[in-house]
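The structure under discussion appears below in the form of structure tokens.
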Protein chains: 2
Amino acid sequence: MVDEQDIAELLRERGHRVTRPRRAVWDVLRRAGGHLTAEEIAERVHGDQPGVNLASVYRSLALFSELSLARESRLGDAEASRWELAHPDEHFHLVCQRCGDVDHHVGTVVAEVREHLRRGHGFLTDDIELTVTGTCADCIAATGA
Amino acid sequence: MVDEQDIAELLRERGHRVTRPRRAVWDVLRRAGGHLTAEEIAERVHGDQPGVNLASVYRSLALFSELSLARESRLGDAEASRWELAHPDEHFHLVCQRCGDVDHHVGTVVAEVREHLRRGHGFLTDDIELTVTGTCADCIAATGA
DNA sequence: GTGGCTGCAAACATTTTGCATAACT
DNA sequence: AGTTATGCAAAATGTTTGCAGCCAC
């Protein structure tokens with residue numbers, strides 16, 4: 001994970017300005033650890049910085065995404081996109097339909113798919129989006145089945 | 001794949017009426033083999049049935065989805081959802097960024113993930129959405145890299 | 001000082017909904 | 001005949017954009 005104070009540097013390095021909205025959005029993403037909609041991010045940003053507009057949140061997220069600092073995903077049947085900081089290791093999302101919990105699952109699966117496609121099919125993978133919907137162990141235990 | 005004349009039966013069996021929009025949407029999905037947006041479906045439906053409204057296309061798709069006859073997916077970065085008939089075997093989508101082609105990849109990967117999650121984590125998978133973006137073999141050959 | 005970035009409001013694209021009418025069963 | 005589904009138009013939702021002014025450099 002990219003460290004806190006790096007954001008200013010990361011932006012400047014690539015010729016982008018370090019602004020209030022960008023810093024605030026970055027902060028929220030770091031604190032939350034992921035899976036927020038743009039609207040949720042805006043809400044939290046407003047705790048510190050009430051003046052920041054939703055459009056700027058979207059623009060910050062788009063920039064972070066372009067710089068590979070954040071990642072957008074469409075979890076399950078959800079209406080809005082959700083955002084998280086770019087994770088160095090490949091992972092996928094486990095969405096529990098019962099409790100709504102979204103888990104990060106880190107493992108070899110994603111890497112295996114990538115390898116399989118390259119070797120077996122000559123397909124050069126750029127990005128893998130894997131979202132699994134179902135019922136988590138806790139909820140199965142709770143409802144007894 | 002579900003057979004053509006079945007749609008009337010499938011609907012009636014479950015207490016739904018067999019209507020012009022539903023038949024037309026079903027027909028388009030069958031003929032296309034998948035990956036159409038609601039708008040594209042509406043366009044093609046209009047070839048045969050100009051009177052069918054876009055809202056009815058959406059309502060038909062929602063019904064088919066509920067009956068597990070069709071599946072919605074958000075491919076890659078795309079704006080609109082795309083639809084295809086429910087496929088009996090588990091597959092995932094390979095989207096080429098270069099030529100835009102969307103390939104169905106049938107294999108054991110999806111089943112393996114399901115098994116892995118059940119055994120290793122007690123997670124009962126309901127649905128797996130796997131979308132891989134990258135460059136296909138043809139495009140690599142064409143551009144020489 | 002200058003150009004990139006912001007806030008605001010308005011536009012956009014996709015999908016959903018209320019309601020009177022049409023049409024399946 | 002009864003009631004489900006439709007067409008139409010309008011609303012809702014999520015996201016993007018044009019533009020005048022502001023602020024990081």
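Chain A is the first sequence line, chain B the second, and so forth, proteins listed ahead of strands; every chain is numbered from 1.
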Legend entry - Donor on one side chain, acceptor on other, R74(A) and S81(A), under 3.5 Å: yes
Legend entry - Along DNA chain C (nearest heavy atom to each residue), the more 5'-positioned of P21(A) and R17(B): P21(A)
Legend entry - Where chain B begins and ends its contact with DNA chain C, read 5' to 3' at 4.0 Å from heavy atoms: dT14(C) to dT25(C)
Legend entry - Gap between atoms CZ and C1', on R23(B) and dA5(D) respectively (whole Å): 14 Å
Inset, instruction - Counting heavy atoms from C-beta on, name the nucleotide in dG7(D), dT6(D), dC25(D) closest to the side chain of T19(B). - result: dT6(D)
Inset, instruction - Please determine if a side-chain N or O atom of R20(B) lies less than 4.0 Å away from the OP1 or OP2 oxygen of dT6(D). - result: no
Legend entry - Proximity of H105(A) and H91(A) rings by center, below 6.0 Å: no
Inset, instruction - May I ask you to say whether E9(A) pairs ionically with R12(A), meaning some side-chain N is under 4.0 Å from a carboxylate O? - result: no
Inset, instruction - Taking the side chain as every heavy atom from C-beta outward, state whether R22(B) and H16(B) have any atom pair closer than 4.5 Å. - result: yes
Inset, instruction - Please name the pair of heavy atoms, one in C136(A) and one in C99(A), separated by the smallest distance, quoted to 0.1 Å. - result: SG-SG, 3.9 Å
Inset, instruction - With axes from five pairs an end, tell me the bend angle of the helix from dG1(C)-dC25(D) to dT25(C)-dA1(D), nearest 10°. - result: 40°
Inset, instruction - Could you check how far CZ of R12(B) sits from P of dT4(D), rounded to whole Å? - result: 16 Å
Inset, instruction - Rounded off to whole Å, could you give me the CZ-to-P distance for the R22(A) and dC22(D) pair? - result: 19 Å
Inset, instruction - Would you indicate whether E39(A), at its atom CD, is surrounded by more than 12 heavy atoms from other residues, nucleotides or ligands within a distance under 6.0 Å? - result: no
Inset, instruction - Scan S81(A) against the nucleic acid and name what it touches under 4.0 Å (heavy atoms): base, sugar-phosphate only, or nothing. - result: sugar-phosphate
Legend entry - Atom pair distance, as rounded to whole Å: CD in E40(A) and P in dT15(D): 11 Å
Inset, instruction - Hey, which sits more toward the 5' end of DNA chain C by its nearest nucleotide, V18(B) or E39(B)? - result: E39(B)
Legend entry - Minimum heavy-atom distance V132(A)-F123(B), with the two atoms named: CG1-CE2, 3.8 Å
Legend entry - H93(A) versus E84(A), side-chain donor and acceptor atoms under 3.5 Å: yes
Legend entry - For atom CZ of R74(B) and atom P of dG14(D), their distance in whole Å: 11 Å
Legend entry - Any side-chain heavy-atom pair of I41(A) and L29(A) under 4.5 Å: yes
Inset, instruction - Considering just the side-chain nitrogens and oxygens of N53(B), establish if one lies under 4.0 Å of OP1 or OP2 belonging to dT6(D). - result: no
Inset, instruction - Output the residues of residues 56-66 of chain A in contact with DNA chain C, where contact means a heavy atom of the residue under 4.0 Å from an atom of the strand; sort by number or write none. - result: S56(A), R59(A)
Legend entry - NZ/NE/NH1/NH2 to OD/OE distance under 4.0 Å, R44(A) and D27(A): no
Legend entry - Cluster overlap L75(A) with L130(A), hydrophobic side-chain contacts below 4.5 Å: no
Inset, instruction - Measure the distance from CD on E79(A) to P on dT15(D) and round it to the nearest whole Å. - result: 9 Å
Inset, instruction - Answer whether the closest heavy-atom distance between the side chains of R114(B) and I128(B) falls below 4.5 Å. - result: yes
Legend entry - Protein-nucleotide distance (L54(A), atom CG; dG14(D), atom P), rounded to Å: 10 Å
